[in-house]
Protein chains: 2
Amino acid sequence: MEAKAETRPSRKGIILQEAARLFREKGYRASTLRELARRSGVKGGSIYYHFASKQEILYRIMDETMNNLLQGLEHEIREEQDPVHRLNRGIEFHIRYHLENQDETHVADTELINLGDDHRRRIVGKRAEYERTFSGILEEGTREGVMGVGNTKLASIAVLQMCTGIPYWFNEEGPLSVDEVVAQYIDFVFWGVLGRAGRRESI
Amino acid sequence: MEAKAETRPSRKGIILQEAARLFREKGYRASTLRELARRSGVKGGSIYYHFASKQEILYRIMDETMNNLLQGLEHEIREEQDPVHRLNRGIEFHIRYHLENQDETHVADTELINLGDDHRRRIVGKRAEYERTFSGILEEGTREGVMGVGNTKLASIAVLQMCTGIPYWFNEEGPLSVDEVVAQYIDFVFWGVLGRAGRRESI
DNA sequence: GTCTATAACTAGATAGAC
DNA sequence: GTCTATCTAGTTATAGAC
């Protein structure tokens, strides 16, 4: 029912998009509905025709983001069998989605604290599910002997945490392209700081 | 002049400590000075005898944290020459400091957005300095050939980001000790998910 | 140094016209 | 579906007594 992230012609969609941008710029609590209304091209009261509360707007942004991540990841790794390739594609998807939807993912990653208990539990559940997909890959790879991870749960959290942080410093006009960032991070995740020296295999 | 983090007998110190805890729990914007006063054992107005504004309290927490990190890191790696050992000790210090000062570091890591321009610039400057120490180590190690990092600036950011995130999921009552977390993360940073299989050297 | 009282303001949310 | 107008509550910060 909801349109894709790219083209949201409806007023409701515009408000969500502007809300993500505003919340990212100032933080949820510091953002006012008056400012959101102004940016969305309506007056303050009109927001409440589309949403029951400010809180609901935040939840919609975060929930849609998590759904996109879960479905996108699943779709991306579905056909791959080899754990190394699955991890490779999973990380690439994660980074690209975060760089292509910076406002929404930033909000989803930082505003958990401002959700009510019920909403927060639902988002946390989806995050846990997303993370389990990655730890499952690391587990499988380690069991098969193509990876060597001591604690797969820890490592999967570490991988996601570092990739999630990319939009914080990435600059479109900077020297690095998205492709290069993806390549560097994947390289680092697989090989660590010691690098390829002395390894017998390559990916 | 300021006492150590552990024992802060002065009222001012108590307020700072409670503020870090409160800001971490609810976020800076959602925290009220009335609540902070209550937790600190004083009435609302009394806060202003010690601090000029709510903003100043936030800045003090973040600035003190950055100073501790900078000095602590410097002290920790001063005597080490080998880049591998320097990185090892640097990461261990970073993780331990974050786990031993969770309230303050969490605030320092998440509330940048709520600082005024001037204050924010100063904190960002110190963060950059801290990060440069790590990228410098990676650069040196790569130049010497004991490490193999493609982009040292990227890798240092990645390392810090994943370690900084540890307090988000770490649980004192959980199955993992601080020592184990440190060991796992250092292992992952050095060797990546592919692990030790096929490597000729060890650290 | 800490208190009480309050000023000055701002935000989320609602009601009802159009 | 959007507007104007407003209610209500809560916030930072200040003033002055003790």
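Note on naming: letters A, B, ... go to the chains in the order of the sequence lines (proteins, then strands), and numbering restarts at 1 for each one. All values below come from the heavy atoms of this structure, side chains included, with hydrogens, waters and symmetry mates left out.
Here C:dT10 presents its P atom at 19 Å from CG of A:Leu36, a figure rounded to the nearest Å. Note: NE2 (B:His50) to C1' (C:dC3) measures 12 Å, nearest angstrom. In this structure, A:Leu33 atom CG and C:dT14 atom P are separated by 11 Å, rounded to whole Å. The CZ-P distance, from B:Phe51 to D:dT12, rounds to 15 Å in whole Å. Atom-to-atom, CD1 of B:Ile47 to C1' of C:dT2 comes out at 11 Å; the value is rounded to the nearest Å. The nearest whole Å value for the distance from the NZ atom in B:Lys54 to the C1' atom in C:dC9 is 15 Å. Distance A:Glu56 CD to C:dG12 P: 15 Å, rounded to the nearest Å. A straight line from CZ of B:Arg38 to C1' of D:dT11 spans 17 Å, rounded to a whole angstrom.
A:Trp169 and A:Tyr185 have parallel rings, their planes meeting at less than 30° on a 0 to 90° scale where 60° marks the start of perpendicular. A tilted orientation is assigned to the rings of B:Tyr168 and B:His106, their planes being inclined by 30° to 60°.
Across C:dC3, D:dT12, D:dT2, the shortest atom-to-atom separation from the side chain of B:Lys43 is found for C:dC3. Each of D:dT6, D:dT12, D:dG1 was ranked by its minimum atom distance to the side chain of B:Arg34; first place goes to D:dT12. Of the candidates C:dC3, C:dA13, D:dA13, the closest approach to any side-chain atom of A:Tyr48 belongs to C:dA13.
Looking at every heavy atom in both residues, A:Thr164 comes nearest to A:His94 through OG1-NE2, 3.0 Å. What you find for B:Ser156 and B:Leu138 is that their closest heavy atoms are N-CD1, 3.6 Å.
Contact of B:Arg11 with C:dG1 (side chain to base): no donor-acceptor pair of N or O atoms is detected under 3.5 Å.
OP1 or OP2 of D:dG1 sits under 4.0 Å from a side-chain N or O of A:Tyr49.
Counting any heavy atom pair closer than 4.0 Å across all strands shown, B:Ser46 reaches a base atom. Note on A:Ser31: only backbone sugar-phosphate atoms sit closer than 4.0 angstrom, heavy atoms only; bases stay farther off.
Note on residues 40-49 of chain B: no pairs pass salt bridge (Lys or Arg N to Asp or Glu O under 4.0 Å), not counting sequence neighbours.
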